[in-house]
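Every heavy atom of this structure was used, including side-chain atoms; hydrogens, water molecules and symmetry mates were not. Quick note on labels: first sequence line is chain A, next is B, and so on, each numbered from 1.
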2 protein chains.
Amino acid sequence: MGTEKVERRVFNNNDDCPIRNVVAQIGDKWSMLILFSLVEGPDRFNALKSRVVGISQRMLTQTLRDLEREGYVTRTVYPEVPVKVEYELTEMGRGLVKPLYELVSWAQVNHNEIKRSRKAYDNRN
Amino acid sequence: MGTEKVERRVFNNNDDCPIRNVVAQIGDKWSMLILFSLVEGPDRFNALKSRVVGISQRMLTQTLRDLEREGYVTRTVYPEVPVKVEYELTEMGRGLVKPLYELVSWAQVNHNEIKRSRKAYDNRN
DNA sequence: CAGTATCCTTGGGGATACTG
DNA sequence: CAGTATCCCCAAGGATACTG
């Protein structure tokens, strides 16, 4: 038998790569936190701001706009005085949260082992 | 009945948040692509470099070190001449790939709808 | 209340040259 | 082959002030 040539997957950076085009979009600092905040139901701008601890007004606005553009979130303006704006997950947004939740659950379970690994690595380097 | 106060989750930015401490780490530009490249088996530095299209030598090294530090990847040096270095997923790394795969599958399925949403958003803005 | 508009800083990441 | 070492740049994101 000769050597066997194994064909291995190549990860291109074109527009069809779902990692680079879909996952990358929610891999920023705030997207996931906002999505999870909205799982419990629609919420208003300033309520979100106080629940996503540490986010600035600027980044909350910007990230919500991005999530809206992707189709994960709807923005509804109620013309009261003062104005009231509610953000809510779309059906697609709720669908996205499921695999994200699996990921976060995994992270919770493995958090301690990861912390241990970091310490061990830092000690031997 | 009075108004009902619904207790909503708050996302703090302390060290115990798995999103900010575990997921954030793999939310960078290259980590996921490298993890998926290694699913098919151990691989060498330059082989990885050519499969993860577009990555620079610098970022491949750096990201591999980070993945090693987290405990997702092992680095094995074979003292041949020239030296041979193999990277391989740990058991934890293989565990992480599962929820990641769910996420990427979701992304693939919904990629078209997301693209449509982006266009619609851009047209009305 | 729910944002804009500006300014500014940091660090993620690219390009290139060099090495055990 | 598998990296370091530098230099450099841009964009993500923070802080602050202002507004319909």
From [atom1] of [X] over to [atom2] of [N], roughly how many Å is that when rounded to an integer?
| X | N | atom1 | atom2 | answer |
| --- | --- | --- | --- | --- |
| Lys84(A) | dA2(C) | NZ | C1' | 13 Å |
| Phe45(B) | dT19(C) | CZ | P | 18 Å |
| Leu33(A) | dG13(D) | CG | C1' | 15 Å |
| Asp43(A) | dA2(C) | CG | C1' | 13 Å |
| Asp28(B) | dG13(C) | CG | C1' | 10 Å |
| Gln62(B) | dG3(D) | CD | C1' | 13 Å |
| Leu64(A) | dT4(C) | CG | C1' | 15 Å |
| Leu60(B) | dA5(D) | CG | P | 17 Å |

Discussion item. Reading 5' to 3' and counting Watson-Crick or G-U wobble pairs with both distances under 3.5 Å, write the dot-bracket notation for DNA chain C, | for bases paired outside the strand.
Written reply: ||||||||||||||||||||

Worksheet item: Do Arg8(A) side-chain atoms and Arg51(B) backbone N/O form a donor-acceptor pair below 3.5 Å?
Response: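 No; zero donor-acceptor contacts below 3.5 Å.
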
Fill in: Ser105(A) side chain to Tyr101(A) backbone, donor-acceptor under 3.5 Å
yes

Practice prompt. Give a yes or no on whether Leu96(A) and Phe36(A) share a hydrophobic cluster (residues Ile, Leu, Val, Met, Phe, Trp, Tyr; joining criterion: side-chain heavy atoms under 4.5 Å apart).
Written response: yes

Worksheet entry | Shared hydrophobic cluster, Tyr72(B) / Val39(B) (ILVMFWY, side-chain heavy atoms < 4.5 Å) | yes

Worksheet item: For DNA chain D, whose closest nucleotide is more 5', that of Asn46(B) or that of Ser56(A)?
Response: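 Here Asn46(B) is the residue nearer the 5' end.
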
Worksheet item: Taking for each residue the nucleotide of DNA chain D bearing the nearest heavy atom, is the 5' side occupied by Gln57(A) or by Gly54(A)?
Response: Gly54(A)

Worksheet item: For the side chain of Met59(B), counting heavy atoms from C-beta on, which of dG13(D), dG14(C), dC1(D) is nearest?
Response: dG14(C)

Practice prompt. When you get a sec, tell me which of dG13(C), dA2(C), dG13(D) is the closest nucleotide to the side chain of Trp30(A)?
Written response: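 Closest of the options to the side chain of Trp30(A): dG13(D).
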
Worksheet item: How do Thr61(A) and Pro82(A) order along DNA chain C: which one's closest nucleotide is nearer the 5' end?
Response: Pro82(A)

Discussion item. So, using side chain to side chain contact (heavy atoms under 4.5 Å, CB included) as the criterion, who are the partners of Asn12(B) when residues are at least two apart?
Written reply: Val53(A), Val10(B), Asn14(B)

Fill in: Nearest heavy atoms of Lys49(A) and Gln57(A), plus distance in Å
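Closest approach of Lys49(A) to Gln57(A): CE-N, 3.7 Å.
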
For [N] and [X] - does any side-chain N or O of the residue sit under 4.0 Å from the phosphate oxygens OP1/OP2?
| X | N | answer |
| --- | --- | --- |
| Arg65(B) | dG3(D) | yes |
| Lys29(B) | dG14(C) | yes |
| Arg58(B) | dT4(D) | no |
| Tyr87(B) | dC1(D) | no |

Worksheet item: Would a 4.5 Å heavy-atom cut-off, applied to side chains only, mark Val83(A) and Val77(A) as touching?
Response: yes

Practice prompt. Take Glu68(B) and Arg118(A) through the salt bridge (Lys or Arg N to Asp or Glu O under 4.0 Å) test and state the conclusion after the steps.
Written response: CA-CA 9 Å; Glu68(B) 190 190 355; Arg118(A) 288 174 185 160; over 6 Å; no

Worksheet item: Between residues 69-78 of chain A and DNA chain C, which residues have a heavy-atom gap below 4.0 Å?
Response: Arg75(A)

Worksheet item: Which value, rounded to the nearest 0.5 Å, describes the distance between Ile114(A) atom CD1 and Arg69(B) atom CZ?
Response: 11.0 Å

Worksheet item: Can a salt bridge be assigned to the pair Lys115(B) and Glu70(A) using a cut-off of 4.0 Å between side-chain N and carboxylate O?
Response: no

